[in-house]
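Take a look at the structure below.
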Amino acid sequence: MMLTEASLSIWGWGSLGIVLFLITFGPFVIFYLAFYILCFVGGGLVVTLLYGKTNSEKYLEQCEHSFLPPTSSGVPKCLEEMKREARTIKIDRRLTGANIIDEPLQQVIQFSLRDYVQYWYYTLSDDESFLLEIRQTLQNALIQFATRSKEIDWQPYFTTRIVDDFGTHLRVFRKAQQRVTEKDDQVKGTAEDLVETFFEVEVEMEKDVCRDLVCTSPKDEEGFLRDLCEVLLYLLLPPGDFQSKIMRYFVREILARGILLPLINQLSDPDYINQYVIWMIRDSNCNYEAFMNIIKLSDNIGELEAVRDKAAEELQYLRSLDTAGDDINTIKNQINSLLFVKKVCDSRIQRLQSGKEINTVKLAANFGKLCTVPLDSILVDNVALQFFMDYMQQTGGQAHLFFWMTVEGYRVTAQQQLEVLSGRQRDGKQQTNQTKGLLRAAAVGIYEQYLSEKASPRVIVDDYLVAKLADTLNHEDPTPEIFDDIQRKVYELMLRDERFYPSFRQNALYVRMLAELDMLKDPSFRGSDDGDGESFNGSPTGSINLSLDDLSSVTSDDSVQLHAYISDTGVCNDHGKTYALYAITVHRRNLNTEEMWKTYRRYSDFHDFHMRITEQFENLSSILKLPGKKTFNNMDRDFLEKRKKDLNAYLQLLLTPEMMKASPALAHCVYDFLENKAYSKGKGDFARKMDTFVNPLRNSMRNVSNAVKSLPDSLAEGVTKMSDNVGRMSERLGQDIKQSFFKVPPLITKTDSDPEHCRVSAQLDDNVDDNIPLRVMLLLMDEVFDLKERNQWLRRNIKNLLQQLIRATYGDTINRKIVDHVDWMTSPEQVADSVKRFRDAFWPNGILAETVPCRDKAIRMRTRIAGKTKLFAIMPDELKHIIGAETTRKGILRVFEMFQHNQLNRRMVYVFLEGFLETLFPQYKFRELFNKLHSRSKQMQKYKQKLQSTQAPSLQKR
């Protein structure tokens with residue numbers, strides 16, 4: 001009871017105390033109290049920590065002085081010694097022994113250290129010794145490099161190795177293109193497919209190396225460059241410097257990532273290559289015809305859109321100009337030209353997007369109406385003859401063709417020998433019997449090879465002609481015309497027999513021949529705007545005699561009347577050259593419509609047109625007379641008026657109805673000349689002079705002996721014997737003629753492997769010709785224009801042509817000139833110039849060049865068009881006459897397209913680099929090293945697995 005009362009009193013008094021406390025101090029007194037307590041405790045802890053820290057420091061200081069006595073003076077002496085060594089380092093600025101090279105090289109080293117090392121090193125240390133050591137290491141490497149370079153003969157590398165590497169790269173690209181096309185003719189392969197196929201072909205050709213990882217993977221590329229730079233440092237640096245890992249790694253990274261990788265990136269950039277191509281041929285003017293051909297041939301929609309958009313932009317600018325007077329006519333012409341370009345681009349884009357792109361040759365083969373090329377024109381044209389030769393071999397009529405060619409060559413040869421003989425007789429030298437005996441031997445060789453009963457195959461002609469020839473050979477002296485009767489019969493047989501020329505005109509080879517002669521035009525879309533109404537236009541644009549009986553009905557229509565006259569003359573100045581220009585007003589009327597237009601021609605256009613038609617129509621040479629060319633100063637107006645009057649008379653005579661009816665095919669040439677477009681000239685004077693080299697039938701017996709190389713052995717052996725007889729005759733009668741008859745050794749050696757699956761240099765016989773430029777030009781022409789797909793006759797014709805051109809131009813000094821040029825390329829002046837260009841490219845004005853921003857896609861596309869146009873413009877017409885227009889176009893576009901893939905360009909750069917190092921260090925096994933560095937290639941692994949799978953069945957059978 002008492003305890004209960006006591007507890008109640010405690011709770012009562014406690015509650016009263018709390019209530020009085022709250023009334024006195026307020027309701028927040030609890031928070032204040034807690035805050036005061038917390039501050040008290042925290043202050044106590046801070047005081048304790050500060051007191052403990054002070055006492056600890058004092059205690060540690062006492063302990064240090066008590067237990068660790070002061071060190072000796074070794075460390076200060078070591079530091080002093082290091083400083084003394086740093087002061088004694090001296091940099092010898094001599095590197096190559098040539099001051100003009102050393103100066104820019106020292107600047108490159110200085111800029112490299114400044115921009116790749118100093119900018120971060122000075123944040124760590126101010127000591128210069130490390131930088132000096134790196135500089136000394138770089139200089140030691142350069143000195144060793146320069147010493148090695150002086151000991152190497154660079155002529156084989158520049159004249160053979162580089163050309164071989166480029167030709168092999170082009171061959172791999174060509175085969176990759178063919179393989180991608182063969183996979184699916186309907187769907188165009190992507191760039192990725194082409195790159196992958198390229199490296200598949202590379203490993204098939206190289207067999208022990210493939211560079212796909214280095215060219216497609218940035219990570220693997222950096223690793224490859226690091227490994228390569230480390231190997232080079234091992235070879236170039238003293239052992240002491242190479243053993244220093246830190247120094248070696250620094251130098252390796254500078255070389256790999258600071259110099260080599262940016263340089264390779266720039267050299268492999270397609271846009272940079274396109275700009276460089278344009279710069280290289282900057283002196284060549286862009287040709288309107290070449291530009292339009294590029295647009296019509298382009299299959300890249302991006303290129304066409306870029307040109308179309310630029311044309312639209314220029315149109316908008318020209319239409320905004322406020323002009324009057326004479327300028328208005330110029331602007332109107334520019335607007336019309338731009339509208340035409342825009343229309344062609346739109347049509348081409350529409351065709352590509354709609355999938356209606358058609359091969360011109362295939363379309364022409366199925367269309368049926370083609371220009372007719374007479375047989376006599378085929379036999380005297382280098383390009384046309386090779387296709388007819390291929391066809392005759394397919395049909396078994398090659399003996400007739402080669403008999404005709406052999407007799408033609410014999411006639412030319414006999415005429416040459418008799419002329420030489422007559423000249424010797426005038427000089428009092430007698431060799432009549434000997435010369436006639438040799439001519440008789442040559443004629444008998446032809447008779448036995450083609451006409452005798454032992455001939456196989458034998459040319460079948462009338463027996464009385466063969467008997468007459470045999471009697472002549474036995475009883476009379478041979479003459480150049482001894483085979484004329486039989487040759488005429490053989491010509492008639494090839495012309496009339498359905499197996500030969502008539503069937504050839506219906507064969508696909510005939511269409512390909514027209515394409516090579518540039519006598520096929522692209523398909524055109526007429527009618528509705530959506531591209532319906534496709535038609536094929538064939539027109540004669542070649543330079544040989546044509547018979548256009550398929551189109552003669554159109555131009556010989558009496559209802560069509562054509563009138564033309566020169567309405568005005570003017571003087572133009574183009575790149576410093578002044579010439580007269582004639583404005584021709586043309587009226588064309590038919591039953592329903594009348595058209596009028598103006599076209600502009602120079603006198604040189606008239607002259608070329610006159611030469612062309614007089615070559616095709618011999619009867620015109622005595623009727624049409626063009627005013628002669630005359631040089632005059634200041635473009636005298638009286639002279640221009642007289643020339644205008646003479647040219648008008650020429651046009652009026654040319655357009656008379658009698659002239660047109662007498663030569664129906666002439667109308668097409670006249671229409672082409674008067675059409676409102678840039679005039680496409682035929683052969684120039686140089687081309688006409690070149691005909692003596694190019695024409696296989698006027699170039700002596702060498703072409704005949706070369707032509708039969710592709711025939712069966714029995715036929716080839718007989719003609720070779722006959723050629724050897726004539727060669728022996730020529731050897732006795734004159735050195736110049738002897739060179740024309742000697743049998744040319746085979747250009748390509750017979751190898752066990754497929755020549756298309758090996759390097760280009762593997763196919764060259766070292767005994768073919770010791771002429772460096774000839775071998776180089778043959779390699780390039782073979783691969784660029786794919787001449788191996790053509791018959792050996794054409795390739796040997798080109799070989800003979802190149803031989804004669806080189807000897808005629810340089811004689812026997814060409815090898816010396818090549819060697820001198822290589823020496824000039826490796827001279828100190830040229831090396832110094834290259835180093836300066838490298839320095840200025842990476843450090844313009846001594847400042848590290850900023851990363852060049854990627855140019856706009858439209859600009860890059862227009863650069864591609866400009867590059868292709870430049871290449872087309874510089875390609876001489878003479879080359880088209882030698883190998884064909886279509887082959888020339890395909891070759892140029894193939895080379896240009898090859899440079900439009902970054903990965904493939906990288907591969908070519910690395911191939912050149914590997915060849916350079918193999919030449920620089922011939923005593924080291926760099927080839928094996930590169931094979932090991934590229935051994936992780938995925939394509940290489942696939943190829944090995946494929947080989948193992950193909951070899952396994954054969955091993956099991958054994």
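Keep in mind it's a predicted model, so treat the numbers as computed, not measured.
Only one option out of Y121, Y116, W120 pairs with F250 in a ring-ring contact (aromatic ring centres under 6.0 Å, His included); it is W120. Test F899, F198, F199 against H169 for ring-ring contact (aromatic ring centres under 6.0 Å, His included) and you get one pass: F198. Among M247, R226, R257, the one residue that satisfies the side chain to side chain contact (heavy atoms under 4.5 Å, CB included) test with R252 is R226.
The shortest non-hydrogen separation linking P922 to I152 is CD-CD1, 4.2 Å. Among all heavy-atom pairs drawn from L260 and C229, the shortest one is CD1-SG, 3.7 Å. Of all heavy-atom pairs between G846 and R114, the closest is O-NH2, 2.7 Å. Among all heavy-atom pairs drawn from N905 and P270, the shortest one is ND2-CG, 3.9 Å. Nearest heavy-atom pair across A849 and P844 is CB-CD, 3.6 Å. Closest approach of D126 and Y122 over heavy atoms only: OD1-O, 4.0 Å.
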* To do: Determine, stepwise, if the pair D127 / S129 fulfils side chain to side chain donor-acceptor pair (under 3.5 Å).
  => CA-CA 6 Å; D127 188 9; S129 59; 2.8 Å; yes
* **Candidate pair Q155 and T160, rule side-chain contact (heavy atoms from CB on, under 4.5 Å), full reasoning** => CA-CA 8 Å; Q155 178 187 331; T160 304; over 6 Å; no
* Asked: So F173 and E202, side-chain contact (heavy atoms from CB on, under 4.5 Å) or not? Walk me through it.
  -> CA-CA 9 Å; F173 179 77; E202 181 194 20; over 6 Å; no
* How far apart are the C-alpha atoms of H934 and F224, what are their side-chain angles, what is the distance that settles it, and do they pass the ring pair (Phe, Tyr, Trp, His ring centres under 6.0 Å) test? -> CA-CA 8 Å; H934 296 302; F224 173 81; 5.0 Å; yes
* Mind running salt bridge (Lys or Arg N to Asp or Glu O under 4.0 Å) on E303 and R862 for me, showing each step along the way? => CA-CA 6 Å; E303 294 178 355; R862 289 196 293 270; over 6 Å; no
* To do: Check the pair L225, I264 against side-chain contact (heavy atoms from CB on, under 4.5 Å), reporting the backbone distance first and the verdict last.
  => CA-CA 11 Å; L225 289 176; I264 293 172; 4.1 Å; yes
* Under the side chain to side chain donor-acceptor pair (under 3.5 Å) criterion, do E230 and Y249 qualify, and how do the steps go? -> CA-CA 8 Å; E230 193 150 353; Y249 290 162; 5.1 Å; no
* List the steps, then state whether side-chain contact (heavy atoms from CB on, under 4.5 Å) holds for S937 with V203. => CA-CA 10 Å; S937 166; V203 71; over 6 Å; no
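Residues I892 and V784 fail the side-chain proximity criterion, which asks for heavy atoms closer than 4.5 Å. Counting heavy atoms from C-beta on, the side chains of F912 and D165 come closer than 4.5 Å. Contact check for D220 versus R936: side-chain heavy atoms found under the 4.5 Å cut-off. I109 is listed as a side-chain neighbour of R135, based on a closest heavy-atom distance under 4.5 Å. Within the 4.5 Å cutoff, no side-chain heavy atoms of E200 are placed close to those of K942. Counting heavy atoms from C-beta outward, F926 and E914 have side chains that stay 4.5 Å or more apart. With contacts defined as side-chain heavy-atom distances shorter than 4.5 Å, the pair L233/V251 qualifies. The shortest side-chain heavy-atom distance between K836 and Q107 does not fall under the 4.5 Å cut-off.
The local environment of CD1 in I246 is sparse, with at most 12 non-hydrogen atoms from other residues, nucleotides or ligands closer than 6.0 Å. Heavy-atom contacts from other residues, nucleotides or ligands closer than 6.0 Å to OH of Y276 number 12 or fewer. Counted within 6.0 Å of CD on E850, heavy atoms from surrounding residues, nucleotides or ligands total 12 or fewer; the atom is thus considered open. The 12-atom threshold is exceeded at CZ of R927, counting heavy atoms of other residues, nucleotides or ligands nearer than 6.0 Å. Counting non-hydrogen atoms of other residues, nucleotides and ligands closer than 6.0 Å to OH of Y234 gives a total of 12 or fewer. More than 12 heavy-atom neighbours from other residues, nucleotides or ligands sit within 6.0 angstrom of NZ on K150.
Atoms CG and CG, on L138 and L237 in that order, are 8.5 Å from each other to the nearest 0.5 Å. Summarising the geometry, atom NZ belonging to K932 is positioned 7.5 Å from atom CG belonging to L929; distances are rounded to the nearest 0.5 Å. Atom CD of Q903 and atom SG of C215 lie 8.0 Å apart (nearest 0.5 Å). Taking CZ of R211 as the start and CE of M940 as the end, the distance is 11.0 Å to the nearest 0.5 Å. Interatomic distance, CD of Q266 versus CZ of F842, reported as 6.0 Å (0.5 Å rounding). In this structure, the separation between CG on L236 and CZ on F921 is 4.5 Å, given to the nearest 0.5 Å.
With Q144 contributing its side chain and N140 its backbone, the two residues share no donor-acceptor pair below 3.5 Å. Of the possible polar contacts, none joining the R839 side chain to the L105 backbone as a donor-acceptor pair under 3.5 Å is found. Judged purely by atom type and a 3.5 angstrom limit, N300 uses its side chain to pair as donor or acceptor with the backbone of G302. Side chain of D833 to backbone of E829: no donor-acceptor contact under 3.5 angstrom is found. One N or O on the side chain of D102 and one on the backbone of T96 form a donor-acceptor pair closer than 3.5 Å.
No side-chain donor-acceptor contact under 3.5 Å links N99 and R94.
Relative to the six-membered ring of W279, R282 meets both conditions, a distance below 6.0 Å and an angle of at most 45° to the axis.
Taking a cutoff of 4.0 Å between a charged side-chain nitrogen and a carboxylate oxygen, R860 and D856 do not qualify as a salt bridge. Of the charged side-chain nitrogens involved, none lies within less than 4.0 Å of a carboxylate oxygen, so that R171 and E204 do not count as a salt-bridged pair. In summary, K868 and E897 do not engage in a salt bridge, as defined by a charged side-chain N under 4.0 Å from a carboxylate O. Using a 4.0 Å cut-off between charged nitrogen and carboxylate oxygen, D271 and R855 count as a salt-bridge pair.
In terms of the side-chain contact (heavy atoms from CB on, under 4.5 Å) criterion, residue partners of T826 (sequence neighbours excluded) are, by chain and number, W154, F158.
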